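Comments concern the structure below.
Count residues from 1 along the sequence. Predicted, not measured: the structure shown is a model, and the values here were computed from it.
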Amino acid sequence: MADKITLSKKDRFSVALRSTFLQGSWNYERMQNGGWCFAMIPAIKKLYTNKEDQKEALKRHLEFFNTHPYVASPILGVTLALEEERANGAKIDDAAIQGVKVGMMGPLAGVGDPVFWFTVRPMLGALGASLAMGGSILGPILFFVLWNVIRWAFMWYTQEFGYKAGSKISEDLSGGLLQKVTKIASILGMFVLGSLVERWVTINFTPVVSTVQLSDGAYIDWESLPAGAEGIRTALEQFAAGLSLSPEQVTTLQDNLNSLIPGFAPLLLTLLCMWLLKKGISPIIIIIALFIVGILGHLVGLL
């Protein structure tokens, strides 16, 4: 029996170093797949000595992938462990590896943005800016050093954590643990992505359904406002009190839809895109079609 192939710490560090360029070849069809595949190359070369096996592994990791670039590290760690077990004869197929990647990337993306973009970086930026405003050169240097130390420490240790956790997952393949983890991760990922539909997908139907003339006192009478700053202050106070900006209340088709089922149109559009993807339609074609429909809808006054 051949000796077990094991990824050394040097191999794993090479993967972590390459993952810095995860978004170096970002594209609209498969997003971070090129950077992901580039990061996996040192491990693939170590685990598979046969050229055909290396080609199949590269194809396997050119599938769709997209998450926060820093929280991709634990997913890389789990994937490294699964690839290592597969190279040593474990029955782990392509669907299992891709399922773990897809299932983890959604939930972790929702964690990475608020932690790094909205918390750590603004805090370090404020610290560096305060020093720079005082005339200290340490401001930008401190920001650069601290940001990269925190970023790199997080990426390395979470990749190692994922690698160790992935090894434990692959120990009990006969008990279906990997399948259970894949299923749970996929469900959680779909839940997170579904909750983001209403936030990130926007459709606005502009046709006017009704126009109602408001009674006196229900809207701001701009002609009777005082001149200058006093008039602006009065208008702001009246608007805050609930007065309308115009004497007419215009209700659009989108207002009616929002009052019935908010976010229903974005949900239908998302489900349509998912159905088209399931039918094998290229994401590029779907994106171009959305552009065309949006432009035509605006020209005819529908959107």
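Arg30 is linked by a salt bridge (charged side-chain N to carboxylate O under 4.0 Å, His left out) to nothing, counting only residues two or more places apart in sequence or in another chain. In this structure Gln23 satisfies the side-chain contact (heavy atoms from CB on, under 4.5 Å) test together with Trp26, Gln32, Pro69, sequence neighbours excluded. The salt bridge (charged side-chain N to carboxylate O under 4.0 Å, His left out) test applied to Asp94 returns Arg60, Arg86, not counting sequence neighbours.
Looking at heavy atoms from C-beta onward, Phe64 lies in side-chain contact with Met31 at the 4.5 angstrom threshold. Trp147 is listed as a side-chain neighbour of Val120, based on a closest heavy-atom distance under 4.5 Å. At least one side-chain heavy atom of Trp152 sits less than 4.5 Å from a side-chain heavy atom of Leu17. Considering only heavy atoms from C-beta on, Leu142 comes within 4.5 Å of Leu131 through its side chain. Between Leu257 and Phe264 the shortest side-chain heavy-atom distance does not fall below 4.5 Å.
For the residue pair Thr67 and Met105, the shortest heavy atom distance occurs at OG1-O, 2.9 Å. Contact detail for Ala57 and Tyr48: the closest heavy-atom pair is CB-CE1, 4.1 Å. Here the closest heavy-atom approach between residue Pro207 and residue Leu302 is recorded as CD-O, 3.4 Å. Across every non-hydrogen atom of Thr206 and Leu303, the tightest pair is CG2-C, 3.7 Å. Between Leu62 and Cys37, the shortest heavy-atom contact is CD2-CB, 3.7 Å. The two residues Pro283 and Leu277 make their nearest non-hydrogen contact at CG-CD2, 3.8 Å.
Once rounded to the nearest 0.5 Å, the distance linking CD of Gln98 with OG1 of Thr79 reads 9.0 Å. For the atom pair Leu276 CG and Ile285 CD1, the distance stands at 10.0 Å (nearest 0.5 Å). The NZ atom of Lys101 sits 8.5 Å away from the CG atom of Leu76 when rounded to the nearest 0.5 Å. Tyr157 contributes atom OH, which lies 13.5 Å from atom OG of Ser73 (distance to the nearest 0.5 angstrom). Summarising the geometry, atom NE2 belonging to His61 is positioned 11.0 Å from atom CD1 belonging to Ile41; distances are rounded to the nearest 0.5 Å. In this structure, CG in Leu269 is found 6.0 Å from CG in Leu290, a value given to the nearest 0.5 Å.
Under a 3.5 Å cut-off, the side chain of Glu29 and the backbone N or O of Ile284 do not form any donor-acceptor pair. The main-chain N or O of Ala39 is never found under 3.5 Å from a side-chain atom of Ser19 such that the two would form a donor-acceptor pair. Formation of a donor-acceptor pair under 3.5 Å by the Arg12 side chain with backbone atoms of Leu7 is found in this model. Remark: the backbone N or O of Ala132 is not paired with any side-chain donor or acceptor of Ser136 at under 3.5 angstrom. A donor-acceptor pair under 3.5 Å is formed between the side chain of Ser14 and the backbone N or O of Lys10.
Between the side chains of Asp11 and Ser8, at least one donor N or O lies within less than 3.5 Å of an accepting N or O. Side chain to side chain, Asn27 and Asn33 meet the donor-acceptor criterion of an N or O pair below 3.5 Å.
Between Phe116 and Tyr70, the angle of the ring planes goes over 60°, which puts this pair in the perpendicular group of the 30/60° scheme.
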| message | Assess the residue pair Ile5 and Glu84 against the criterion (side-chain contact (heavy atoms from CB on, under 4.5 Å)); give the C-alpha distance rounded to whole Å, side-chain angles, the decisive distance to 0.1 Å, and a yes or no. | response | CA-CA 7 Å; Ile5 307 174; Glu84 183 178 278; 5.8 Å; no
| Hey, mind stepping through Leu80 and Gln159 against side-chain contact (heavy atoms from CB on, under 4.5 Å) and telling me if it holds? | CA-CA 9 Å; Leu80 288 175; Gln159 179 180 298; 3.9 Å; yes
| said: Quick one, Lys4 with Glu85, criterion side-chain contact (heavy atoms from CB on, under 4.5 Å). Give me CA distance, side-chain angles, the key distance, then yes/no. | reply: CA-CA 9 Å; Lys4 181 178 180 180; Glu85 294 298 325; 3.7 Å; yes
| field | side-chain contact (heavy atoms from CB on, under 4.5 Å) between Ile295 and Leu299, intermediate numbers included | value | CA-CA 6 Å; Ile295 293 172; Leu299 291 176; 4.2 Å; yes
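Criterion: ILVMFWY side-chain heavy atoms under 4.5 Å apart, direct or through other members. Under it, Leu124 and Met133 are not part of a common hydrophobic cluster. Criterion: ILVMFWY side-chain heavy atoms under 4.5 Å apart, direct or through other members. Under it, Ile203 and Leu253 are part of a common hydrophobic cluster. Note on Tyr28: it clusters hydrophobically with Ile292, by side-chain heavy-atom contacts below 4.5 Å among ILVMFWY residues. Hydrophobic clustering (ILVMFWY, side-chain heavy atoms < 4.5 Å, transitive): Ile150 and Phe161 are in distinct clusters. Under the 4.5 Å side-chain contact rule for hydrophobic residues, Phe143 and Phe154 share a cluster.
Between Lys46 and Glu83 no salt bridge is recorded (no basic side-chain N to carboxylate O distance below 4.0 Å).
When ring centroids are compared, Phe21 and Trp36 stay outside the 6.0 Å threshold.
In the displayed structure, Ile137 atom CD1 is contacted under 6.0 Å by at most 12 heavy atoms of other residues, nucleotides or ligands.
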